[in-house]
Amino acid sequence: MSTRNQWNTSEITSSNTVFSRMRTTIESAFWGNNVHNIENLKQAYQLAKNSPGTVVTDMPVYEPEKIGLDKDSKVLLFNDGDVSARCAQARRILGSPGISEDEYSAVVREAIYQTRTKKLYHVQACIGLDKDFMIKAHLLIPEGHENIAYNWLLNFQEFNKEYIRMYEESKAIGNEGDIYVFSDPDWKNENYPVGLTIFDPNHNCAALLGMRYFGEHKKGTLTLAWGCANRNGFASCHAGQKRYTLKDGRNFVAGVFGLSGSGKSTLTHAKHDGKYEVMVLHDDAFVISVEDGSSVALEPSYFDKTQDYPAGCDDNKYLITAQNCGVTIDDKGNKTLVTEDIRNGNGRAIKSKLWTTNRLDKFENPVNAIFWIMKDETLPPVLKLTDNILAATMGATLATKRSSAERLLQGVDPDALVIEPYANPFRTYPLSDDYLKFKELFEKRAVECYIINTGSFMGKKIPKEITLGILEDIVDNKANFVSWNEIFGMQIQELAGFVPNLSDKKYLEALNNRIQDRINFIKNKEIELCGRDALPKEALEALVKMKESIYSHIDLKHVVNI
C-alpha cells in the first residue's frame, strides 16, 4: 500500500478527489524557493545539534549506525518553555459542522505567507513498516525548529535504501495522496491564544500553527495516517500489541488499548519472566487488517515518558533525544539528563527501536484478543465481554483518566473520569467507522474482547502483578470466567479481594452512575456535531440491556435511571 505525489496532467483537475483548497494551499508551500530539503537522518542530526537552545549531552546514542546515525552521535535535549503537552482545544477538523474550509484556508494561506522570509526545511518519512501499509509523509517547518524535524524523522521511518525498495514494491492504494504537514511553531494570533491545528483528513494534510511540542507533530501526522487506514480496510489503533508463543507452539496475539499512562506500554513490553517467547509489534500505533486480522506497526521508535526512568536506569541507554527534561553534570563531568519530571510534567524521550530486541514490524498471525484498558473504580480487574455488540460499545465508551500528555484549559479537572473511544483522541472520521470495524473483528474473525482495569477498584489499587497474571491466565487458557450475576454480555474472573458486592447499595449506585455516563455519552453523540459521531442504535440498546440486567433480580430498582 502506497500513496501518490505525482500526477498526469489530465489528473490535475478539480474533479480529482485528492485535491482540495486546503491541500493545495499546504502542498504549494513545500515548493517555495525558501525551502531546503533534509536528505537523511544524519543531516537532520547535525542541524538539530547546531540549532540554538539544543543541549548536546555527553550521553552516547546506543549503536547509532544501526539506526542511521554516525558513530559519535549524542543524545540531544531540547526544551519548549512553558508548553510540554498537546492541546485538543486547538484542533479543528474540516468536514465537521461549523468548520469552514474557506475560513481556515485563509488563515493557513496567511500563515504560509508570513514564513516567506524564513528558511524552511522539508523532510520526508514513511509511516507503516511493511509493504502492506506504507504512507509517504512530508513535514515543512521553519529554521530554528530543527529538533522537531529530527524527532519527526526519528519517530517515523527514514527513507533509506531498504525502505525505498519496500515502498516501490508496495501496492498503490486507491486515490490517496501523500501526507503533507505544514508547521510554524512561532505563529501567533490573538484569536487563537493556545494555537491552532487544522486537519483536512480526507485530503491527507494539516497545518500546525503555534505548536512547539513535538507530540503535536507526531500525533498530528499519525492522525492523518489513521484516517487513511480507516478508508482502506484497516482498523486504526492507538494501542500496544504483542504476540505470545507458547511451548506447544500456539500463538496468541493481544492488543491493549489505553491512553498514555494507562499501562499499555508496560503490558505490551512485559516479558512474563520468560514463560513465553514474546514479540512486540509496537506500544502506541499500528493498524489491523479487517480482511485477514494481520497487523502492521506504523513507527520504528518509541515516544515515551521519562518520569519512570531515573538517572542510571538501564533503559536510558536507548535514548536518542529528550524533550522537556533537565540537565546537570554528573560526577565524571558529563552533561546528563535530569528526568522523573523534576523540571516539569510530561518529560519525554524518543527511544531507539533497539530498546526491544523482540520487535517485529508485522504480525502475519491474526489478532486473537483485544483488551480495553480502563480506569473505572466500579469495574473489577478483568471482565470478559461475550456479546459482540457490547464489546464494540464498551470500546466506544472506554472510561479512563486524562493523560498528562494533554495541555488542559484552566478549570478542567485533570482527575475527572473521561470517556475516550477506543483510547484514541486523534480520530478525524465518524466514530461509527471504528465501531463497525471492531465489531467486524469480533463477529467475523472471532476476536475475544476483555476489559482490564489498571487503576483502582472501589478505592483498592490493582497491582501490576495481578494484571500481568490475568493476561497469563487468558493466554494459557486457564482463566475461569463465570457469569457476573447474570449481567448481560459479561463474565468475571473472581479474584480475591476484588469481587464486586452486588448487595452493597453504595457499590450499585456507583456502578449505575458509570453505566449511565456511557449511556449519556452515546446519547450526546447523537446530537453533538450534528450527529457526526452517532453510533448505531444497537450500541445504546446493549448498554440499556446490560444496565437492566444488573437490577432485574435486585430490590434496588430505585437507583435505576434509564
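Excluded from the calculations below are hydrogen atoms, water molecules and symmetry mates; all remaining heavy atoms, backbone and side chain alike, are included. Along the sequence shown, residues carry numbers from 1.
- With hydrogens and angles ignored, the 3.5 Å screen pairs no side-chain donor or acceptor of S352 with any backbone N or O of Y318.
- Heavy atoms only, all atoms of each residue included: P300 and Y302 are closest at O-CE1, 4.4 Å.
- Taking D200 as the reference, S20, H203 meet the side chain to side chain donor-acceptor pair (under 3.5 Å) condition, with sequence neighbours excluded.
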message: Go through it in stages, so that I can follow the logic: the residues are H238 and E420, the test is side-chain contact (heavy atoms from CB on, under 4.5 Å), and I'd like the CA-CA distance, side-chain angles, deciding distance and then a yes or no.
response: CA-CA 11 Å; H238 181 221; E420 194 61 76; over 6 Å; no

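- Residue pairs meeting the salt bridge (Lys or Arg N to Asp or Glu O under 4.0 Å) criterion with at least one partner in residues 424-433, sequence neighbours excluded, are R427-D434.
- When atom types are taken as modelled, the side chain of N524 and the backbone of I527 share no donor-acceptor pair closer than 3.5 angstrom.
- In this structure, H282 and S295 have side chains that are not in contact, with every pair of non-hydrogen atoms separated by 4.5 Å or more.
- Atoms OG1 and OH, on T397 and Y422 in that order, are 8.0 Å from each other to the nearest 0.5 Å.
- Listed for the N324 side chain is no donor-acceptor partner under 3.5 Å among the backbone atoms of G345.
- In this structure, CD in Q307 is found 5.0 Å from CG in D341, a value given to the nearest 0.5 Å.
- Summarising the geometry, atom CG belonging to L511 is positioned 7.5 Å from atom CG belonging to L502; distances are rounded to the nearest 0.5 Å.
- The line from CD1 of I288 to CZ of F438 is 6.0 Å long, rounded to the nearest 0.5 Å.
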Below 3.5 Å, can you tabulate the donor-acceptor pairs from side chains in residues 465-472 to any protein atom, sequence neighbours excluded?
| from | atom 1 | to | atom 2 | distance (Å) |
| --- | --- | --- | --- | --- |
| E472 | OE1 | K275 | NZ | 2.7 |
| E472 | OE2 | H272 | ND1 | 2.9 |

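- Here the closest non-hydrogen pair linking D80 and Y213 is OD2-CA, 3.8 Å.
- Residues F426 and R86 form a side-chain contact, since some pair of their non-hydrogen atoms from C-beta on lies under 4.5 Å apart.
- With E176 as the partner, the side-chain hydrogen bond (donor to acceptor under 3.5 Å, both in side chains) test is satisfied by one option alone out of T3, N232, T17: N232.
- Of the possible polar contacts, one joining the S301 side chain to the L154 backbone as a donor-acceptor pair under 3.5 Å is found.
- Checking side-chain atoms of R343 against main-chain N and O of E340 turns up no donor-acceptor pair under 3.5 Å.
- Salt bridge status for E526 with K523: absent, with no side-chain N to carboxylate O gap under 4.0 Å.
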Residue pair Y450, F481: steps toward the ring-ring contact (aromatic ring centres under 6.0 Å, His included) verdict: CA-CA 11 Å; Y450 301 86; F481 284 96; 5.6 Å; yes

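- Between D376 and R518 a salt bridge is recorded (basic side-chain N to carboxylate O distance below 4.0 Å).
- E541 pairs by the salt bridge (charged side-chain N to carboxylate O under 4.0 Å, His left out) definition with nothing, not counting sequence neighbours.
- Cation-pi check for R348 over F303 is met; the charged atom lies under 6.0 angstrom from the ring centroid and within 45 degrees of its normal.
- Annotation: cation-pi pair K351/Y309 present, NZ/CZ under 6.0 Å from the ring centroid and within 45° of its normal.
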- request: List the steps and the verdict of side-chain contact (heavy atoms from CB on, under 4.5 Å) for M394 and M490.
  value: CA-CA 11 Å; M394 293 303 284; M490 288 188 171; 4.0 Å; yes

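- Relative ring orientation between F257 and W372 is described as perpendicular, the plane-to-plane angle rising above 60° on a 0-90° scale split at 30° and 60°.
- When all heavy atoms of I492 and P500 are compared, the closest pair comes out as CD1-CD, 3.5 Å.
- With hydrogens and angles ignored, the 3.5 Å screen pairs a side-chain donor or acceptor of K242 with a backbone N or O of A270.
- For N501, the CG atom sits in a packed shell: over 12 heavy atoms of surrounding residues, nucleotides or ligands are nearer than 6.0 Å.
- Residues K362 and L129 have side chains not in contact (no heavy-atom distance under 4.5 Å, counting atoms from C-beta outward).
- At least one side-chain heavy atom of V278 sits under 4.5 Å from a side-chain heavy atom of Y244.
- For residues 279-295, the salt bridge (Lys or Arg N to Asp or Glu O under 4.0 Å) pairs, not counting sequence neighbours, are K218-D284, K219-D284, K264-D284.
- Within the 3.5 Å criterion, the main-chain N or O of T393 finds no donor-acceptor partner in the side chain of Y435.
- Between I373 and L267 there is a side-chain heavy-atom pair separated by less than 4.5 Å.
- Side-chain N or O atoms of R532 include none that pairs as donor or acceptor with a backbone N or O of G95 at under 3.5 Å.
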task: For E509 and N513, run side chain to side chain donor-acceptor pair (under 3.5 Å): C-alpha distance rounded to whole Å, both residues' side-chain angles, the deciding distance at 0.1 Å, then the answer.
output: CA-CA 6 Å; E509 289 178 341; N513 291 338; over 6 Å; no

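- Checking side-chain atoms of D130 against main-chain N and O of V296 turns up no donor-acceptor pair under 3.5 Å.
- The two residues S549 and F488 make their nearest non-hydrogen contact at OG-N, 2.8 Å.
- You'll find the side chain of M134 stays beyond 4.5 Å of the side chain of Q157, heavy atoms only.
- Under the 3.5 Å distance criterion, the side-chain polar atoms of R250 are matched with a main-chain donor or acceptor of V475.
- S289 is not listed as a side-chain neighbour of F133, based on a closest heavy-atom distance of 4.5 Å or more.
- Considering only heavy atoms from C-beta on, K525 stays 4.5 Å or farther from L540 through its side chain.
- In this structure, CG in N251 is found 4.0 Å from OG1 in T245, a value given to the nearest 0.5 Å.
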L319/T306 under side-chain contact (heavy atoms from CB on, under 4.5 Å): CA gap, chis, key distance, verdict: CA-CA 10 Å; L319 301 185; T306 57; 5.5 Å; no

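- Counting only residues at least two apart or on different chains, no salt bridge (Lys or Arg N to Asp or Glu O under 4.0 Å) pair has a member in residues 474-484.
- Contact detail for F498 and K461: the closest heavy-atom pair is CZ-O, 3.6 Å.
- Closest heavy-atom contact between A396 and L535: CB-CD1, 3.9 Å.
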Working for side-chain contact (heavy atoms from CB on, under 4.5 Å), residues I350 and D304: CA-CA 6 Å; I350 292 183; D304 280 354; over 6 Å; no

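- Using cut-offs of 30° and 60° for the angle between ring planes, the F156 and W152 rings count as perpendicular.
- For the atom pair CD1 of I179 and CG of N204, the computed distance is 5.0 Å after rounding to the nearest 0.5 Å.
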